[in-house]
Peer 1: 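Sending over a structure as structure tokens; questions will come in a sec.
Every chain is numbered from 1, with letters handed out A, B, ... down the list of sequences. None of these values were measured; they are calculated from a predicted model.
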Number of protein chains: 2
Amino acid sequence: MGIIERIDAPTNKVAPHKKTGRTIKTGTAKPAENTAKLPLNSILKMDCIEAMASLPDASIDMVFADPPYNLQLGGDLYRPEGGQVDAVDDAWDQFDSFAAYDAFTKAWLSEARRILKPNGSLWVIGSYHNIFRVGASLQDIGYWILNDIIWRKANPMPNFKGTRFTNAHETLIWAAKSEKAKYTFNYRAMKNLNDELQMRSDWVMPICGGQERLKRDGVKAHPTQKPEALLYRIMLATTNPGDIVLDPFFGTGTTGAVAKRLGRHWIGCEKEDVYCEVAEERIEAALPLDESSLKTMQSPKSKPRVAFGTLVETGYLKAGTEICSKNRKFKAKVRADGSLLWEGKEGSIHKIGATVQDAPSCNGWTYWYYHDGKELKPIDDLRQTYLLATEP
Amino acid sequence: MGIIERIDAPTNKVAPHKKTGRTIKTGTAKPAENTAKLPLNSILKMDCIEAMASLPDASIDMVFADPPYNLQLGGDLYRPEGGQVDAVDDAWDQFDSFAAYDAFTKAWLSEARRILKPNGSLWVIGSYHNIFRVGASLQDIGYWILNDIIWRKANPMPNFKGTRFTNAHETLIWAAKSEKAKYTFNYRAMKNLNDELQMRSDWVMPICGGQERLKRDGVKAHPTQKPEALLYRIMLATTNPGDIVLDPFFGTGTTGAVAKRLGRHWIGCEKEDVYCEVAEERIEAALPLDESSLKTMQSPKSKPRVAFGTLVETGYLKAGTEICSKNRKFKAKVRADGSLLWEGKEGSIHKIGATVQDAPSCNGWTYWYYHDGKELKPIDDLRQTYLLATEP
DNA sequence: CTCGGCATTGAATCCCCAG
DNA sequence: TCTGGGGATTCAATGCCGA
């Protein structure tokens with residue numbers, strides 16, 4: 001951990017953290033030259049827009065953001081044009097306030113989009129106060145929404161006055177950099193987490209409390225600390241080990257702690273001294289998982305491909321064998337080159353499978369069966385056997 | 001039912017429905033003079049903006065709107081077994097751009113706000129395709145958001161291609177006409193429905209199917225018919241008997257049917273002839289539901305289900321831990337995604353449990369044990385601990 | 001009659017590499 | 001950039017049919 005990137009602008013102050021020795025950066029920064037020089041696994045101690053501006057284009061795999069919900073953006077209000085104003089002597093009507101929030105939102109979303117790799121993705125969390133503005137803004141900017149995810153709180157705070165429904169959830173948006181992007185989604189890992197059912201868009205998780213909730217002098221260190229389980233699922237789902245995750249509103253560093261545990265690199269942006277210190281200590285204490293624990297089940301599409309012909313070549317299935325559909329209605333003959341022959345027609349296991357069913361497509365691996373002496377088995381079993389025998 | 005309001009503009013065509021005799025209005029309309037002359041319990045057969053323009057200011061208690069979602073689907077989508085998904089490709093869901101959709105949205109939201117009484121409220125339902133734009137637009141216009149409500153679908157359509165999280169919910173926004181409004185919220189009724197617990201912002205309900213799903217010549221009459229249970233809860237929560245509920249996108253009239261059953265007045269706007277006819281017949285046939293069936297419909301007792309992966313995510317059992325069979329004969333390693341690793345084989349706790357025993361199946365919860373410092377305990381104990389900690 | 005198996009279906013932004 | 005083709009991919013509820 002701790003690639004250190006000095007920043008040459010005269011206004012910079014580079015202050016190694018007293019305990020960890022990791023560098024926290026402050027002040028204005030110039031764009032880095034390339035991905036190799038990214039300030040990995042460290043906190044950029046400045047405004048997130050400024051911090052992201054110091055990073056090169058297309059260098060980040062995933063951005064997770066938990067932006068402020070209100071319009072008091074760390075003490076500074078933002079005008080639509082981007083200039084800061086004095087909050088005290090200016091009475092803002094509602095529309096101006098929304099416009100200011102939108103301007104701020106689009107500013108950081110745009111920087112985040114610039115530094116994302118083409119196939120990178122963005123996560124944002126919010127409540128009804130801000131999430132609609134964030135969602136509309138990111139669509140306007142060109143992000144492509146992939147899912148909205150509901151974090152259903154297992155133990156929310158009740159609505160004490162009884163004037164509304166108990167606000168028992170928060171909303172996350174998962175978006176790709178563009179419509180055409182080939183984003184990362186570890187489908188099999190998610191299905192595995194969910195007892196062999198597809199992971200849904202509603203996630204039940206407890207709020208952050210107990211031992212996990214960071215305290216400072218007996219009071220909570222951050223008002224909206226997110227549970228590690230949330231970041232765990234997000235990173236497991238949409239990043240790979242070794243990826244770079246950036247969090248523009250780092251707070252007490254949940255993103256960094258989980259990234260370290262899961263073998264991902266992280267970069268945090270955070271203005272507040274106190275949060276930076278708490279985050280540094282916390283991440284320092286986090287334990288990374290070993291490589292074998294980190295491995296997740298892979299979808300077949302990311303496994304090495306085995307051609308049907310290979311099974312014929314290697315004798316797992318002999319040329320001349322007759323294979324059939326599950327109900328034995330259709331029978332086809334395996335030829336030496338791995339093609340099938342059915343009623344004079346020839347083609348791949350998939351093509352002939354589709355042809356006999358008069359279907360637009362077909363997975364021949366699961367459609368066709370062979371007879372192993374006792375019973376019918378899908379030819380996919382042979383492929384699995386082959387894979388087990390040939391893989392280390 | 002059936003206060004009929006003639007509209008005098010010369011272009012109007014007033015066509016009594018052949019079965020019910022209730023009037024369906026078409027063409028351009030002039031503003032009515034006052035609330036007493038509202039076209040209660042009838043369908044205004046025209047564009048909703050035009051229809052609402054014909055109604056007086058501050059005359060409606062609640063608006064429920066299910067606007068087009070602007071889905072922007074790609075090509076055809078096939079199911080794994082070969083069938084084709086019946087997509088929503090209707091013309092009314094097509095918009096040229098976000099800007100066009102926003103303009104449309106603000107137009108109908110503005111008219112709706114004008115006709116709402118000062119203490120009236122608005123409900124809108126949508127998905128991630130449109131709800132962020134709708135939410136931001138209504139905030140811009142001056143509505144005040146009270147809650148966002150998540151309809152968690154008990155039986156959503158799966159993600160067939162395994163490319164994203166299953167889209168298992170839709171979002172509703174409940175908003176008052178203005179920040180200062182004294183909106184209606186029947187707190188006790190909601191608490192009653194929810195077994196003496198405050199009603200939360202996430203509602204579990206099945207999608208509309210079975211007998212409730214309206215058919216026309218054997219095919220669904222409307223592609224996006226909403227379940228009556230949803231409208232029941234909404235009206236019960238935020239209107240009083242005798243109130244006037246308007247639905248700008250009436251479709252097959254779920255809003256009207258539920259309003260009738262709950263003793264509320266309704267007004268629907270709908271352009272399509274077919275939908276109007278289906279809605280008229282349906283509402284005519286609607287009968288009040290007795291309270292017991294209402295309550296059972298609203299309180300689906302769902303068993304808490306905890307996936308093994310949840311325990312890993314939340315840290316109850318850390319990735320990398322070794323778990324074993326009761327006699328310690330077999331040891332397997334827990335991985336980050338909740339899968340087990342044993343002698344190069346990977347799978348769920350149940351599958352690997354079956355594999356090591358060479359059994360057809362296995363209950364992994366009782367088969368595998370973890371070491372808690374002193375002794376071996378079944379991993380099912382951890383599940384119980386988790387449930388105790390998170391269930392209210 | 002019931003029970004089990006099989007087919008159908010629901011607001012869906014639903015593949016990806018090689019040539 | 002476009003095309004062709006290998007091959008990966010589903011959950012819960014309802015309703016029908018045959019045993």
Side-chain angles (χ1 to χ4, degrees), chain A residues 119 139 143-148 175-176 179-180 182-183 185 187-188 191 194-201 298-303 305-309 326-327 338-339 347-354 360-368 379-380 383, chain B residues 66-90 92-95 98 125-131 151 153-171 206-213 215 218-220 222-227 249 251 300 302:
Chain A
N119 295 330
Q139 284 182 313
Y143 284 100
W144 188 250
I145 297 181
L146 299 168
N147 276 117
D148 59 336
E179 180 177 355
K180 302 296 176 200
K182 291 171 189 158
Y183 53 90
F185 180 57
Y187 176 75
R188 203 60 191 75
K191 190 165 177 175
N194 198 37
D195 266 357
E196 289 299 309
L197 290 178
Q198 287 190 336
M199 187 68 81
R200 299 167 40 114
S201 57
Q298 297 297 302
S299 293
K301 43 185 152 190
S302 56
K303 283 183 178 172
R305 288 195 169 195
V306 178
F308 181 67
K326 188 173 188 181
N327 57 10
S339 64
S348 69
I349 52 172
H350 315 292
K351 185 107 180 255
I352 297 298
S361 69
C362 167
N363 181 351
W365 288 110
T366 52
Y367 180 76
W368 295 106
I379 58 174
D380 196 42
R383 180 168 59 160
Chain B
D66 181 12
Y69 287 9
N70 189 22
L71 284 186
Q72 305 178 59
L73 303 177
D76 293 340
L77 178 63
Y78 292 91
R79 301 161 184 272
E81 80 271 14
Q84 190 176 344
V85 173
D86 186 13
V88 178
D89 52 4
D90 305 69
W92 49 254
D93 200 47
Q94 309 298 320
F95 292 83
F98 282 138
I125 185 168
S127 66
Y128 69 84
H129 310 85
N130 71 323
I131 198 65
W151 168 25
K153 300 182 182 181
N155 48 350
M157 183 157 72
N159 181 293
F160 294 115
K161 303 294 186 190
T163 56
R164 304 180 179 188
F165 298 97
T166 306
N167 201 353
H169 74 274
E170 294 191 25
T171 300
I207 59 176
C208 183
Q211 295 299 317
E212 188 186 333
R213 188 85 193 199
K215 307 253 183 178
V219 297
K220 57 186 174 189
H222 193 282
T224 70
Q225 187 183 338
K226 295 294 175 287
F249 308 95
S302 61

Peer 1: Which value, rounded to the nearest 0.5 Å, describes the distance between A:Met199 atom CE and A:Phe185 atom CZ?
Peer 2: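 The distance works out to 8.0 Å.
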
Peer 1: Could you give the CD-to-P distance, from A:Gln198 to D:dC11, as a whole number of Å?
Peer 2: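 Rounded to the whole Å, the gap is 5 Å.
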
Peer 1: Base, sugar-phosphate alone, or nothing: which one does A:Lys180 contact when heavy atoms must sit under 4.0 Å apart?
Peer 2: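 Since no nucleic acid heavy atom lies under 4.0 Å of A:Lys180, the category is nothing.
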
Peer 1: Could you give the distance from CG (B:Asn70) to NE2 (B:His129), rounded to the nearest 0.5 Å?
Peer 2: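 Here the rounded value is 9.0 Å.
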
Peer 1: Would you mind classifying the nucleic acid contact of A:Leu146 as base, sugar-phosphate or nothing, using non-hydrogen atoms under 4.0 angstrom?
Peer 2: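 Counting heavy atoms under 4.0 Å across all strands, no contact is made by A:Leu146.
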
Peer 1: Give me each pair satisfying salt bridge (charged side-chain N to carboxylate O under 4.0 Å, His left out) with a member in residues 66-88 of chain B, each pair once, sequence neighbours excluded.
Peer 2: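 Of all non-adjacent pairs touching residues 66-88 of chain B, those that pass salt bridge (charged side-chain N to carboxylate O under 4.0 Å, His left out) are B:Asp66-B:Lys226, B:Asp86-B:Lys220.
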
Peer 1: Which sits closer to the 5' end of DNA chain D, A:Glu196 or A:Pro360, going by the nucleotide each is nearest to?
Peer 2: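 So the residue in question is A:Pro360.
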
Peer 1: What is the distance, to the nearest angstrom, from the CZ atom on B:Phe160 to the P atom on D:dA12?
Peer 2: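 Between P of D:dA12 and CZ of B:Phe160: 12 Å.
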
Peer 1: Examine distances only and state if a side-chain atom of B:Gln225 and a backbone atom of B:Glu212 form a donor-acceptor pair shorter than 3.5 Å.
Peer 2: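 Answer holds: yes.
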
Peer 1: Given the C1' atoms of D:dT10 and C:dT9, what is the spacing between them in whole Å?
Peer 2: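 Nearest-Å result for D:dT10 against C:dT9 at atom C1': 12 Å.
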
Peer 1: Let's see if you can work this out: which of D:dT10, D:dA8, D:dG6 has an atom nearest to the side-chain heavy atoms of A:Arg383?
Peer 2: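 For A:Arg383, the side-chain atoms sit closest to D:dA8.
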
Peer 1: Is a donor on one side and an acceptor on the other found under 3.5 Å between the side chain of A:Asn194 and the backbone of A:Arg200?
Peer 2: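 Pair absent, no side-chain N/O of A:Asn194 close to backbone of A:Arg200.
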
Peer 1: What does B:Thr224 touch in the nucleic acid at a heavy-atom separation under 4.0 angstrom: a base, only the sugar-phosphate, or nothing?
Peer 2: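 The residue B:Thr224 makes base contact.
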
Peer 1: Distance check, P atoms only: C:dT13 and D:dG4, in whole angstrom units.
Peer 2: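 One P to the other, the span is 27 Å.
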
Peer 1: Would you mind classifying the nucleic acid contact of B:Thr166 as base, sugar-phosphate or nothing, using non-hydrogen atoms under 4.0 angstrom?
Peer 2: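 It contacts nothing in the nucleic acid.
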
Peer 1: Taking any atom closer than 4.0 angstrom to a non-hydrogen atom of chain A, what span of DNA chain C does the protein reach, first nucleotide to last?
Peer 2: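 Range of nucleotides within reach of chain A: C:dT13 to C:dC17.
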
Peer 1: Once side chain to side chain contact (heavy atoms under 4.5 Å, CB included) is applied, do any residues pair with A:Gln198, and if so which ones, sequence neighbours excluded?
Peer 2: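 A:Gln198 satisfies side chain to side chain contact (heavy atoms under 4.5 Å, CB included) with A:Tyr187, B:Pro158, B:Asn159, B:Thr166 only.
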
Peer 1: Give a yes or no on whether the backbone of A:Tyr183 and the side-chain of A:Asn119 come within a donor-acceptor separation of less than 3.5 Å.
Peer 2: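 Not a single qualifying donor-acceptor pair exists.
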
Peer 1: Rounding to a whole Å, what distance do you find between A:Asp380:CG and D:dG6:P?
Peer 2: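 Rounded to the whole Å, the gap is 16 Å.
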
Peer 1: Using the closest heavy atom to pick a nucleotide of DNA chain C for each, name whichever of B:Asp76 or B:Glu81 lands nearer the 5' end.
Peer 2: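 Result: B:Glu81.
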
Peer 1: Considering heavy-atom distances to DNA chain C, does B:Lys215 or A:Ile145 have its closest nucleotide positioned more toward the 5' end?
Peer 2: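 The 5'-side residue here is B:Lys215.
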
Peer 1: Is D:dT10 in the syn or the anti form, by the rule that syn lies within 90° of 0?
Peer 2: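 It is anti.
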
Peer 1: Under a 4.5 Å cut-off applied to non-hydrogen side-chain atoms, are A:Tyr367 and A:Ile349 in contact?
Peer 2: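 A:Tyr367 vs A:Ile349: side chains apart.
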
Peer 1: Could you tell me whether B:Pro227 contacts a base, only the sugar-phosphate backbone, or nothing, with contacts defined as non-hydrogen atoms closer than 4.0 Å?
Peer 2: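 Since no nucleic acid heavy atom lies under 4.0 Å of B:Pro227, the category is nothing.
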
Peer 1: Can you tell me how far C1' of D:dA8 sits from CG of B:Asn159, to the nearest Å?
Peer 2: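 Taking CG of B:Asn159 and C1' of D:dA8, I get 12 Å after rounding.
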
Peer 1: In terms of heavy-atom contacts, does NZ of A:Lys351 have more than 12 from other residues, nucleotides or ligands at under 6.0 Å?
Peer 2: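 Result for NZ/A:Lys351: open.
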
Peer 1: What string of B, S and - do you get for nucleotides 13-19 of chain D, 5' to 3', when a contact is any protein heavy atom under 4.0 Å?
Peer 2: SSS----

Peer 1: Tell me whether the OP1 or OP2 atom of D:dG6 has a side-chain N or O from A:His350 closer than 4.0 Å.
Peer 2: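 Checking A:His350 against D:dG6: no side-chain N or O falls below 4.0 Å of OP1 or OP2.
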
Peer 1: Without decimals, in angstroms, what is the distance between A:Ile349 CD1 and D:dA8 P?
Peer 2: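 These atoms are roughly 9 Å apart.
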
Peer 1: Indicate whether any N or O donor in one side chain lies under 3.5 Å from an N or O acceptor in the other, for A:His350 and A:Ser348.
Peer 2: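 No, A:Ser348 and A:His350 have no side-chain donor paired with an acceptor closer than 3.5 Å.
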
Peer 1: Starting at CZ of A:Arg305 and ending at C1' of D:dG7, how long is that distance when rounded to a whole Å?
Peer 2: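 To the nearest whole Å, that distance equals 6 Å.
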
Peer 1: Quick one: does A:Ser201's side chain have a donor or acceptor within less than 3.5 Å of a partner on B:Ala168's backbone?
Peer 2: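 Indeed, once roles are kept as given, a pair shorter than 3.5 Å links the two residues.
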
Peer 1: Of all heavy-atom pairs between B:Ile207 and B:Lys153, which one has the smallest distance, and what is that distance?
Peer 2: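 Scanning both residues, the minimum pair turns out to be CG2-CD, 3.5 Å.
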
Peer 1: What is the nucleic acid contact for A:Asn363, judged by heavy atoms within less than 4.0 Å: base, sugar-phosphate only, or nothing?
Peer 2: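 Contact class for A:Asn363: base.
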
Peer 1: Expressed in whole Å, how much space separates the P atoms belonging to C:dA11 and D:dG7?
Peer 2: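 So the two P atoms sit 34 Å from each other.
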
Peer 1: Once you round it to whole Å, what is the distance between C1' of D:dG6 and NZ of A:Lys351?
Peer 2: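 Distance, rounded to whole Å: 11 Å.
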
Peer 1: Enumerate, in order of first residue number, the stems that involve DNA chain C, defined as 3 or more consecutive Watson-Crick or G-U wobble pairs with both distances under 3.5 Å.
Peer 2: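 If one scans DNA chain C for consecutive Watson-Crick or G-U pairs, the stems found are C:2-10 with D:11-19, C:15-19 with D:2-6.
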
Peer 1: Give one of base, sugar-phosphate or nothing for B:Asp66, where a contact means two heavy atoms less than 4.0 Å apart.
Peer 2: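 Base, at least one base atom sits under 4.0 Å.
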
Peer 1: Between C:dA12 and D:dG5, how far is it from one C1' atom to the other, in whole Å?
Peer 2: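 So the two C1' atoms sit 24 Å from each other.
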
Peer 1: For B:Cys208, report the nucleic acid contact type (base, sugar-phosphate, nothing); a contact means any heavy atom under 4.0 Å.
Peer 2: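 Nothing, no nucleic acid heavy atom in range.
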
Peer 1: Within the 4.0 Å heavy-atom criterion, would you say A:Phe308 contacts the bases, only the backbone, or no part of the nucleic acid?
Peer 2: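 Answer is nothing: A:Phe308 stays at 4.0 Å or more from every strand.
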
Peer 1: Got a donor-acceptor contact below 3.5 angstrom from the A:Arg305 side chain to the A:Pro300 backbone?
Peer 2: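 Answer holds: no.
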
Peer 1: Quick one: label B:Gly126 by what it contacts on the DNA or RNA (base, sugar-phosphate, nothing), any heavy atom closer than 4.0 Å.
Peer 2: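 Here B:Gly126 touches no strand at all.
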
Peer 1: Would you please name every residue forming a side chain to side chain contact (heavy atoms under 4.5 Å, CB included) with B:Pro223, sequence neighbours left out?
Peer 2: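 For B:Pro223, the residues satisfying side chain to side chain contact (heavy atoms under 4.5 Å, CB included) (neighbours in sequence not counted) are B:Val88, B:Asp90, B:Trp92, B:Tyr275.
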
